[in-house]
A.B. asks: 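Submitted below is the structure of interest, expressed as structure tokens.
FYI, side chains are in, hydrogens and waters are out, and symmetry mates aren't considered; it's all heavy atoms of this structure. Chain identifiers are assigned alphabetically (A, B, ...) following the order of the sequence lines, protein sequences preceding nucleic acid strands; residue numbering begins at 1 within each chain. If you're wondering where the values come from, they're calculated on a predicted model, not measured in any experiment.
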Amino acid sequence: MTIVTRFAPSPTGYLHIGGARTALFNWCFTRHKGGKFLIRIEDTDKERSTSEAVDAIFRDLNWLGITADEDPIFQSTREARHAEVARELVAKGKAYYCYCTPEELEKMREDAKAKGQSPRYNRYWRDRDPATAPEGVKPVIRIKAPIDGESVVEDQVQGRVVVQNKELDDFILLRGDGSPTYMHAVVVDDHDMGITHVVRGDDHLNNTFRQKIIFEAMGWDVPTFAHIPLIHGPDGAKLSKRHGAQAAGEFREMGYLPEAVANYLLRLGWSHGDDEIFTKEQAAQWFELTDINKGPSRLDYKKLEFVNAHYIKAADNERLANEVEARMGTKLASEKRNWLIAGMNDLKARAVSLLQLTKEAAFYTKDAANMDYDDKAQATLKDHDAHHAMHFLYDTLSALPDWGRDSIEGACKKIADEKFEGKLGKIAMPLRAAVTGSTVSPDIFNATSTLGQKETLDRLKSALHWMHDQGGHHHH
RNA sequence: GUCCCCUUCGUCUAGAGGCCUAGGACAUAUCCCUUUCACGGAUACGACACGGGUUCGAAUCCCGUAGGGGACGCCA
């Protein structure tokens, strides 16, 4: 049997990070089995579905490298088919028209709750003659759910789950306006699309028993189910606004690489021995539904950062430069862009996110004539020794014939040995402050070598001027 | 309220009755490396929710308890 899976988001908002993982699991499972992976947009809620959300969902799925094997199906285009099946069910005596109004149903639920019972429909119209129906009420179609006995689902993740049929009510298939409910549309579409395996969040586990009733009433094959646990926030509660990011797109904006997000997400609730770092293609080779855990897992940004740092180190310098440039929001002059790319090896070894990378790369894009120094850099430049160091540095470096990294370091060490008792920091720190405007940077000899002799000297000169301006205020 | 599901270090997890003195990863701490901050390397800290069974033997099987989550819509 060729397996067919689907990812079925509803376009009422962004792609949730949990949805992204569900998609990833479906994708990996399908790749592993050599089947077909489909996407279905569940846009039957016309009030809340938007085309912007549809675009955002596809953008984020593409970002993660998840693409379907066929064109996406839009559920809203299939309403006629959903209605047809619902009426067929009525004709077969498996479903019936119900003339209760939403108000009556609301009251029914409240009464049941007041009596301490489950808020369910009381099957008023199940065996009543439609001829007695009130005028002017557009009926809904309800399924005839089994009244006693029990139902069983052999879930690939959760195991054997049994529910007493008395817990299930005659839920609605087709609304008064003729549109299908989620419960009905899902079944009809899953059947028509030939879905063999439904892999989805375990918030749907209860629904499975209802959907199974429809499959069986139509005499259709029931797919295999795998209900994966939800992702929770760091505090263990359901992921919500107060936890920060929930949308896959937000993770992109926070500077996480797609391969890092995919790797991290795949590792949440699924494992293959002790493997931690892997591509989704690699995961697909290993992926089995039975290796998915049953319990929910929490989002841990520290681990995500660790994984992200790994992929940043592995990423192509040109690509990272593009990311940095995009985040800076300005088109860089080619000279600066070249510095950025040349300095990227040192920069990327230190960054856990693209945001941090961008921040730390900023000094490459500054202008010598217009430097700014952060508080610590200012303190470093104001130090008494720094003034001497900078003059020695300027003189030595302007006369340095070889502008290679080691040559620059050698020159600095020589000054340190001769003037500062071998304390390289006395030279390196003012140099760093002057060249980068910060006391924190990658290897400063590599950085100055990358910037070139002229730019380095220009920045030193600029710092010297700044120091003179400051000195005037301080000493007198 | 009713039903369903879940429970191994702080977090993600390995674990299929003896391989478990419970392994790995992140985080944390310390040390090494070092011109800064990182990176990298090393070491340390740290868990089978609780209580009963079954068994020669239980993290693993069974039953309770507690805690957590989910579902009960003419939402999806």
A.B. asks: Is A:R298 side chain donor-acceptor paired with the B:U11 base, going by distance under 3.5 Å alone?
C.D. replies: no
A.B. asks: Looking across every strand, which nucleic acid part, if any, lies under 4.0 Å from A:G269 by heavy atom: base, sugar-phosphate, or nothing?
C.D. replies: sugar-phosphate
A.B. asks: Checking contacts here: which listed nucleotide (B:C4, B:C74, B:G24) is nearest the side-chain heavy atoms of A:T181?
C.D. replies: B:C74
A.B. asks: When you measure from the side chain of A:R432, which nucleotide among B:G24, B:C72, B:U35 comes out closest?
C.D. replies: B:U35
A.B. asks: Under a 3.5 Å cut-off for both contacts, is B:U55 paired Watson-Crick or G-U wobble with anything, and if yes, with which nucleotide?
C.D. replies: none
A.B. asks: Quick one: on RNA chain B, does A:N446 or A:K302 contact a more 5' nucleotide (nearest heavy atom)?
C.D. replies: A:K302
A.B. asks: Quote, to the nearest angstrom, the C1' distance that separates B:A47 from B:A27.
C.D. replies: 15 Å
A.B. asks: Can a side chain N or O of A:T44 be found less than 4.0 Å away from OP1 or OP2 on B:A76?
C.D. replies: yes
A.B. asks: Is it the case that more than 12 heavy atoms not belonging to A:D148 sit under 6.0 Å from its CG atom?
C.D. replies: no
A.B. asks: Sort out the partner of B:G40 for me: Watson-Crick or G-U wobble, both distances under 3.5 Å, none otherwise.
C.D. replies: B:C32
A.B. asks: A:R350 CZ to B:U35 C1': how many Å, rounded?
C.D. replies: 12 Å
A.B. asks: Identify whether any heavy atom of A:P102 sits under 4.0 Å from a base atom; if not, whether one sits that close to sugar-phosphate; answer base, sugar-phosphate or nothing.
C.D. replies: base
A.B. asks: For B:C74 and A:R109 - does any side-chain N or O of the residue sit under 4.0 Å from the phosphate oxygens OP1/OP2?
C.D. replies: yes
A.B. asks: Say you pick atom P in B:C3 and the same atom in B:C61; how far apart are they, in whole Å?
C.D. replies: 25 Å
A.B. asks: Can you check the distance between B:C72 and B:C50, where both ends of the measurement are the P atom (answer in whole Å)?
C.D. replies: 33 Å
A.B. asks: Quick one: label A:G295 by what it contacts on the DNA or RNA (base, sugar-phosphate, nothing), any heavy atom closer than 4.0 Å.
C.D. replies: sugar-phosphate
A.B. asks: Given B:C26, B:C75, B:A14, identify the nucleotide with an atom nearest to the side chain of A:D45.
C.D. replies: B:C75
A.B. asks: Taking a pair as Watson-Crick or G-U wobble with both distances under 3.5 Å, which nucleotide is matched to B:G67?
C.D. replies: B:C6
A.B. asks: From C-beta outward on A:E42, which listed nucleotide comes closest to its side chain: B:A76, B:A71, B:C6?
C.D. replies: B:A76
A.B. asks: Counting only heavy atoms not in A:K94, do more than 12 fall under 6.0 Å of its NZ?
C.D. replies: no
A.B. asks: To the nearest angstrom, how far is A:N293 atom CG from B:G15 atom C1'?
C.D. replies: 11 Å
A.B. asks: Looking only at side-chain atoms of A:K313, point me to the closest of B:A25, B:C39, B:A71.
C.D. replies: B:C39
A.B. asks: Which nucleotide in the list B:G70, B:U35, B:C37 gets nearest to the side chain of A:M429?
C.D. replies: B:U35
A.B. asks: In the strands shown, is B:U60 matched to any nucleotide by a Watson-Crick or G-U wobble pair with both distances under 3.5 Å, and which?
C.D. replies: none
A.B. asks: Is the shortest heavy-atom distance from the side chain of A:K382 to the side chain of A:W466 under 4.5 Å?
C.D. replies: yes
A.B. asks: Got a second to check how far A:R200's CZ is from A:N207's CG, nearest 0.5 Å?
C.D. replies: 6.5 Å
A.B. asks: Given atom CD of A:E106 and atom C1' of B:C72, what is their separation to the nearest angstrom?
C.D. replies: 13 Å
A.B. asks: Considering only heavy atoms and no angle criterion, is a donor-acceptor pair shorter than 3.5 Å present between the side chain of A:E276 and the base of B:G24?
C.D. replies: yes
A.B. asks: Is A:E84 salt-bridged to A:R81, going by a charged N under 4.0 Å from an acidic O?
C.D. replies: yes
A.B. asks: Could you work out the separation of B:G17 and B:G73 based on their P atoms and round it to a whole Å?
C.D. replies: 42 Å
A.B. asks: In whole angstrom, what separates A:H227's NE2 from B:A76's P?
C.D. replies: 17 Å
A.B. asks: Look at all strands and tell whether A:R405 reaches a base, only sugar-phosphate, or nothing, counting heavy atoms closer than 4.0 Å.
C.D. replies: base
A.B. asks: Distance only, no hydrogens: is a donor on one side chain within 3.5 Å (strictly under) of an acceptor on the other, for A:H82 and A:D189?
C.D. replies: yes
A.B. asks: Give me the distance, rounded to whole Å, that separates B:C62 from B:U54 when you measure between the C1' atoms they each carry.
C.D. replies: 7 Å
A.B. asks: Looking only at the side chain of A:L230 (C-beta and beyond, no hydrogens), which of the listed nucleotides B:G23, B:C12, B:G70 gets closest?
C.D. replies: B:G70
A.B. asks: Can you tell me how far P of B:C75 sits from CG of A:D203, to the nearest Å?
C.D. replies: 18 Å
A.B. asks: Is it true that A:K107 and A:E103 make a salt bridge, defined as a side-chain N closer than 4.0 Å to a carboxylate O?
C.D. replies: no
A.B. asks: Under 4.0 angstrom, heavy atoms only, what part of the nucleic acid is A:I444 near: base, sugar-phosphate, or nothing?
C.D. replies: base
A.B. asks: Using atom P of each nucleotide, how far apart are B:A16 and B:A59 to the nearest Å?
C.D. replies: 12 Å
A.B. asks: Would you please indicate if the ring centroids of A:F25 and A:F287 are separated by under 6.0 Å?
C.D. replies: yes
A.B. asks: If you measure from the P atom in B:G57 to the same atom in B:G18, how many Å do you get, rounded?
C.D. replies: 14 Å
A.B. asks: Looking at A:D385 and A:K419, does any basic side-chain N land under 4.0 Å from a carboxylate oxygen?
C.D. replies: no
A.B. asks: How close or far is atom P of B:U36 from atom NZ of A:K423, stated in whole angstroms?
C.D. replies: 13 Å
A.B. asks: Answer yes or no: side-chain N or O of A:D202 and base N or O of B:G70 forming a donor-acceptor pair under 3.5 Å.
C.D. replies: no
A.B. asks: Quick one: is A:K294 getting a side-chain N or O under 4.0 Å of the B:C6 phosphate, OP1 or OP2?
C.D. replies: yes
A.B. asks: Mind checking A:F209 for me? I need base, sugar-phosphate or nothing, with any heavy atom below 4.0 Å counting as a touch.
C.D. replies: nothing
A.B. asks: Between the side chains of A:K294 and A:D202, is the shortest nitrogen-to-carboxylate-oxygen separation below 4.0 Å, so that they form an ion pair?
C.D. replies: no
A.B. asks: Within the structure shown, what part of the strands sits under 4.0 Å from A:C98 by heavy-atom distance: base, sugar-phosphate, or nothing?
C.D. replies: nothing
A.B. asks: Tell me which residues in residues 155-167 of chain A lie within less than 4.0 Å of RNA chain B, going by non-hydrogen atoms.
C.D. replies: A:Q158, A:V161, A:V162, A:V163, A:E167
A.B. asks: Of the nucleotides B:A76, B:A14, B:C26, which has the atom closest to the A:D300 side chain?
C.D. replies: B:C26
A.B. asks: Return the value, rounded to whole Å, for the distance between atom NE2 of A:H232 and atom P of B:G67.
C.D. replies: 17 Å
A.B. asks: Using a cut-off of 4.0 Å on non-hydrogen atoms, how would the nucleic acid contact of A:P442 be classed: base, sugar-phosphate, or nothing?
C.D. replies: base
A.B. asks: With a 4.0 Å cut-off, would you call A:E79 and A:R175 a salt bridge?
C.D. replies: no
A.B. asks: With rounding to the closest Å, how many angstrom separate the P atoms on B:C12 and B:C48?
C.D. replies: 16 Å
A.B. asks: If you compare every side-chain N and O of A:S297 against the phosphate oxygens of B:U13 (OP1, OP2), does one of them come in below 4.0 Å?
C.D. replies: yes
A.B. asks: Return whichever of A:T439 or A:L299 has its heavy-atom-nearest nucleotide of RNA chain B closer to the 5' end.
C.D. replies: A:L299
A.B. asks: Could you state the atom-to-atom distance from CG of A:D443 to P of B:G40 in whole Å?
C.D. replies: 17 Å
A.B. asks: Would you say NZ of A:K359 has more than 12 non-hydrogen atoms from neighbouring residues, nucleotides or ligands within 6.0 angstrom?
C.D. replies: no
A.B. asks: For B:U11, which nucleotide in any strand shown is its Watson-Crick or wobble partner with both distances under 3.5 Å?
C.D. replies: B:A25
